[in-house]
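Since we're looking at a predicted model, the values are computed, not measured. Chain letters run A, B, ... following the sequence lines, proteins first and then strands; every chain starts at 1. Just the heavy atoms: all of them, side chains too, but no hydrogens, waters or symmetry mates, feed the values below.
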2 protein chains.
Amino acid sequence: MQVVTPDSCRLPINAIIQGDCIQVLQMFPEQSVDLIFADPPYNLQLRHALLRPDQTVVDGVDDAWDRFEDVQEYDAFTRAWLGACRRVLKDDGTIWVIGTYHNIFRVGAIMMDLGYWILNDVIWHKTNPMPNFRGVRFQNATETLIWAKKSADQKKYTFNYHAMKHLNEEKQMQNVWHLPLCTGAERVKINGKKAHSTQKPEALLYRVILSSSNPGDLVLDPFFGSGTTGVVARRLKRHYIGIELDPAYVEIARTRIEKTPVSVCDDAMLATRSKRDMPRVGFGQLVEAQYLRVGQNLYSSDRNVVAIVRADSQLQWGNITSSIHRIAALAQHKPAFNGWEYWHYEDQAGRLVSIDSLREQYRFDQGVAD
Amino acid sequence: MQVVTPDSCRLPINAIIQGDCIQVLQMFPEQSVDLIFADPPYNLQLRHALLRPDQTVVDGVDDAWDRFEDVQEYDAFTRAWLGACRRVLKDDGTIWVIGTYHNIFRVGAIMMDLGYWILNDVIWHKTNPMPNFRGVRFQNATETLIWAKKSADQKKYTFNYHAMKHLNEEKQMQNVWHLPLCTGAERVKINGKKAHSTQKPEALLYRVILSSSNPGDLVLDPFFGSGTTGVVARRLKRHYIGIELDPAYVEIARTRIEKTPVSVCDDAMLATRSKRDMPRVGFGQLVEAQYLRVGQNLYSSDRNVVAIVRADSQLQWGNITSSIHRIAALAQHKPAFNGWEYWHYEDQAGRLVSIDSLREQYRFDQGVAD
DNA sequence: GGGCTAGGTGAATCTCCGA
DNA sequence: CTCGGAGATTCACCTAGCC
């Protein structure tokens, strides 16, 4: 009579496996991991070098692992690893996948096709993103994480609602996370150069693992890279399995995890930025929201200076176009001036009212809507 | 002999067409609109077609098939309207599509498949989102907009970078927009109940239209709904075409737009001119017109580099003769540099003044002369 | 040590025109 | 088509070095 080994015993717990995750996962038993975090290649398709305005070169992602023949190949690859992950995921487990607009739509559609059921799309809003140096698009300040359960009718999954609420100053954690890039001392470097071109910040993994797993759970990362998932899992007393193709990365991750003490980090460092860090109300928002009309006149308190509101929220004063502050300064021959104090609009009765009161009104209206 | 009507005359400008956008768009000429904003339905209606946890189980196939049927229908619908939109979009136009995690991944993947090339995914971060009442997920505070051009190799498209930068307090606009939901007086109501369940805020459309179109452009909205696109297009002096299936919504939108005052301001208040679309002034023109003298010295801002203006509008630096750009680059040991930023002349008081200001002066003088 | 400045850098689909 | 030159374009944060 054959003795059946418990599934979990056939898994190398707290280990890094060097190999292609699609093949390695085939050797795992079904339904054996509690949580998956996957940071697959994004297929960025960067064709030219990019220069900063000072002509220095941006060190972009040109790694071989991010190059695919075409979209079909990328889709087939994505379907294969997501399918393999789904097989080894427990029926009450969930998966996180991170990406950008280059790949996340294809990834999300394939996840749905495979039967995953999306719980949230979480936006990582970077506090210090790279600018758009050429001024031809909006500054790309986000990456997107898809959090999904294994199937639509899955009843159970782990979500530590209150842990997230505590991290967020006792308010519900939103699907937008304001976190800085991985830089400075946290960034793994070899001879002064970054060891991995896309190392994720530990704070990001902290939220992922803390929110959707429990101590003792098994966390799988099929694209282990520099091993951030292992580092944070260890700190939070979860087990981990990392799969990584490149032996060099395996070694980097192994060294890094060994140096990680098993301890809990400072929650305060990971807390969501509070509202006072949110963008303040700018003059542009008043124009957009029609608290002021394009073409409307603004006046100095003595009505001697008149300027026109433009669609781009600058003011037009004679043939000069500039900000409310700059034109207030110019009109008074001062080096600088606070335009919020200087400018007034005419109310329906023809009285002058400070534009600063509109800003208060805007804040009030938003507050009421909460 | 047949008289061919100009394409634009076959389009009902500033009108709402009642009908299915896929059919209606077939009657439009190719390449006839400058900008598209689409807020498609995302009711996937999958609730009753739930997938079993294990897809390999035989009796699970029926459910899986039903579900797949529904998604296929949604995909076919999405492919049809996005394809129809692409046909009527001008080759230098762009498209915006808004959605949530329920549909945006399928929409994005299909857009890529159809040849659209994504420029940004823009996150609308709601300042006042609805809470997650049951506490089982992160509070869903976002919707996603995909901004795309018609093809990957498309060279030209409209992006009013500086208008956006002015709106954002002189820093480049990010792909995350903090805007409140459409509430209060802006929300169209009938007998106290909201007239449309997903009415978008005008501030959102303000950014869409202002950033990626110019006054006089034609904006198409194939899912017109309550007509926010038409209202904002009218405010910003763009033309619009709305297509809407439901006659009740057509009527609501028509009434609403009629009540919107046509903007009476000067077009100059609506457009932000960038350096890129100003007439090019060459360095030679400044020399010819004697804004600079032959033999005059030009200086770097720290006066460490000095060159002489030649009659052929090149600079002489030691024994090197070349353009203002090339010598600025050589002097700094850089592969390239913008000479307009680098070089200065001495004014009568001996102060250094950027030669770029001379170019501005030249443009101004020419404009006055016109 | 502290404060200041200069320099470096990050998952980025990053120009346009004429010869 | 390619090639080359003109010329437009950046934000937050970290580190090293100097006073």
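Going from atom CG of A:Leu181 over to atom C1' of C:dT9 covers 10 Å, rounded to whole Å.
Residue A:Arg52 places a side-chain atom within donor-acceptor reach of the base of C:dG10, judged by atom type and a 3.5 Å distance cut-off alone. Under 3.5 Å, the side chain of A:Asn140 and the base of C:dA12 form no donor-acceptor pair of N or O atoms. In terms of polar N and O atoms assigned as donor or acceptor, the side chain of A:Lys200 comes within less than 3.5 Å of the base of C:dA11 in a complementary pairing.
Judged by closest nucleotide on DNA chain C, A:Lys189 is the one of A:Arg134 and A:Lys189 placed further toward the 5' end. Take the nearest nucleotide of DNA chain D for A:Pro131 and for B:Ser323: the residue whose nucleotide is more 5' is B:Ser323.
Going from the P atom of C:dA12 to that of D:dG7 covers 30 Å, rounded to whole Å. When the P atom is used for both C:dA11 and D:dT15, the distance is 16 Å, rounded to whole Å. Taking atom C1' in both D:dT10 and C:dT9, one finds a spacing of 12 Å when rounded to whole Å.
Centroid-to-centroid, the aromatic rings of B:Trp147 and B:Trp96 come within less than 6.0 Å.
By the 6.0 Å contact criterion, NZ on A:Lys194 is enclosed, its count of non-hydrogen atoms from other residues, nucleotides or ligands being greater than 12.
Across all strands shown, nothing is found opposite C:dA12 as a Watson-Crick or G-U wobble partner with both distances under 3.5 Å.
Residue contacts for A:Lys193: at a heavy-atom cut-off of 4.0 Å it reaches no nucleic acid atom on any strand shown.
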